[in-house]
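See below for the structure under consideration.
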Amino acid sequence: MKITLILNGKTEQPFLQAALEYYVQRLKHYIPFQCIEIPSPRALKSLTEAQVCEKEFELMQKHLAPSDTLVLLDERGKEYRSIEFAKYLQTKMNQSTKNLVFICGGPYGFSEELLKKVTEKISLSRMTFSHQMVRVFLAEQIYRAFTILRNEPYHHE
């Protein structure tokens with residue numbers, strides 16, 4: 001299995017970019033892993049929220065294959081404890097999932113087209129986080145999940 005994070009926009013804060021890169025490098029020890037940052041659509045102020053979501057989807061689509069399993073990060077998605085999330089990833093591997101794609105949308109959510117293609121939604125928390133921070137939190141949780149699956153001493157419970 002391969003895991004891909006599709007992220008909307010660039011990481012603006014150097015400390016968040018460094019944290020994301022830290023977990024990306026650590027994850028490569030366990031699984032093929034990549035982050036794809038799509039650019040923010042141009043002329044945002046002249047577009048409606050729905051149009052912004054459509055433009056974002058157009059940019060994402062270039063990186064999606066029909067066989068990808070798409071998981072949206074959504075505050076209304078299913079919440080997992082870390083051990084449950086590790087089991088979720090193990091299940092995906094057992095199902096021979098080729099590419100598990102986590103998508104972090106923009107500030108207006110997701111287009112209707114994307115929502116039709118989604119396999120499931122997960123939530124990192126009921127709280128709202130900046131899109132910049134979510135990418136670090138998700139990468140860390142994926143890393144934590146693999147250490148749990150390998151019985152490594154990163155996670156304590």
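Owing to the predicted nature of the structure, the values given are computational and were not obtained by experimental measurement.
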Just checking, is any N or O donor in the side chain of [X] or [Y] under 3.5 Å from an acceptor N or O on the other one?
| X | Y | answer |
| --- | --- | --- |
| Arg76 | Ser123 | no |
| Gln17 | Glu21 | yes |
| Glu37 | Thr11 | yes |

Ring geometry between Phe85 and Phe102 (parallel below 30°, tilted from 30 to 60°, perpendicular above 60°):
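Plane angle between 30° and 60°, so tilted.
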Check the orientation of Tyr154 and Tyr143. Use parallel for under 30°, tilted for 30 to 60°, and perpendicular for over 60°.
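Perpendicular: the ring planes of Tyr154 and Tyr143 meet at over 60°.
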Note: Arg135 and Lys10 closest approach over all heavy atoms is NH1-C, 3.9 Å
Which heavy-atom pair separates Tyr30 from Arg26 by the least distance, and what is that distance?
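Where Tyr30 meets Arg26 most closely, the heavy atoms are CD1-O, 3.5 Å.
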In Å and rounded to the nearest 0.5 Å, what is the [atom1] to [atom2] distance from [X] to [Y]?
| X | Y | atom1 | atom2 | value |
| --- | --- | --- | --- | --- |
| Ile83 | Ile148 | CD1 | CD1 | 5.5 Å |
| Phe57 | Glu113 | CZ | CD | 5.5 Å |
| Leu5 | Cys35 | CG | SG | 4.5 Å |
| Ile38 | Glu56 | CD1 | CD | 6.0 Å |
| His29 | Glu152 | NE2 | CD | 6.0 Å |
| Met60 | Glu58 | CE | CD | 11.5 Å |

Dump the intermediate steps for side chain to side chain contact (heavy atoms under 4.5 Å, CB included) on Lys117 and Leu115, then the final yes or no.
CA-CA 5 Å; Lys117 296 178 180 269; Leu115 291 171; over 6 Å; no
Enumerate, atom names and distances included, each donor-acceptor pair closer than 3.5 Å involving a side-chain atom of residues 61-72, sequence neighbours excluded.
residue: Asp68; atom: OD1; partner: Asn99; partner atom: ND2; Å: 3.2
residue: Asp68; atom: OD2; partner: Ala65; partner atom: N; Å: 2.8

As a quick check of understanding, evaluate side chain to side chain contact (heavy atoms under 4.5 Å, CB included) for Leu89 and Leu100, giving each step before the final call.
CA-CA 9 Å; Leu89 291 179; Leu100 184 61; 3.6 Å; yes
Main-chain N/O of [Y] paired with [X] side-chain donor or acceptor, under 3.5 Å:
| X | Y | value |
| --- | --- | --- |
| Gln51 | Thr48 | yes |
| His131 | Gly105 | yes |
| Thr97 | Met93 | no |
| Gln25 | Tyr22 | no |

Honestly curious: do [X] and [Y] fall in one hydrophobic cluster under the side-chain, below-4.5 Å linking rule?
| X | Y | answer |
| --- | --- | --- |
| Tyr23 | Val134 | yes |
| Tyr88 | Phe137 | yes |
| Leu124 | Phe146 | yes |
| Tyr108 | Leu59 | no |
| Ile31 | Val136 | yes |

List the steps, then state whether side-chain hydrogen bond (donor to acceptor under 3.5 Å, both in side chains) holds for Ser125 with Glu79.
CA-CA 7 Å; Ser125 171; Glu79 290 185 30; over 6 Å; no
[X] side chain near [Y] side chain, heavy-atom distance below 4.5 Å:
| X | Y | answer |
| --- | --- | --- |
| Val118 | Phe110 | no |
| Thr147 | Leu149 | no |
| Lys2 | Lys98 | no |

Working note: Ile142 + Leu138, criterion side chain to side chain contact (heavy atoms under 4.5 Å, CB included); need CA distance, chi angles, decisive distance, verdict.
CA-CA 6 Å; Ile142 295 169; Leu138 179 60; 3.9 Å; yes
State whether the number of non-hydrogen atoms from other residues, nucleotides or ligands found under 6.0 Å of Met1 atom CE is greater than 12.
yes
Within a radius of less than 6.0 Å around NZ of Lys92, do more than 12 heavy atoms belonging to other residues, nucleotides or ligands occur?
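It does: Lys92 NZ has more than 12 such atoms within range.
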Side chain to side chain contact (heavy atoms under 4.5 Å, CB included) evaluation trace for Leu7 with Ile36
CA-CA 6 Å; Leu7 310 166; Ile36 298 172; over 6 Å; no
Between Arg126 and Glu75, does any NZ, NE, NH1 or NH2 come within less than 4.0 Å of an OD or OE carboxylate oxygen?
no
Output yes when Lys116 and Glu112 qualify as a salt bridge under the 4.0 Å nitrogen-oxygen rule, no when they do not.
no
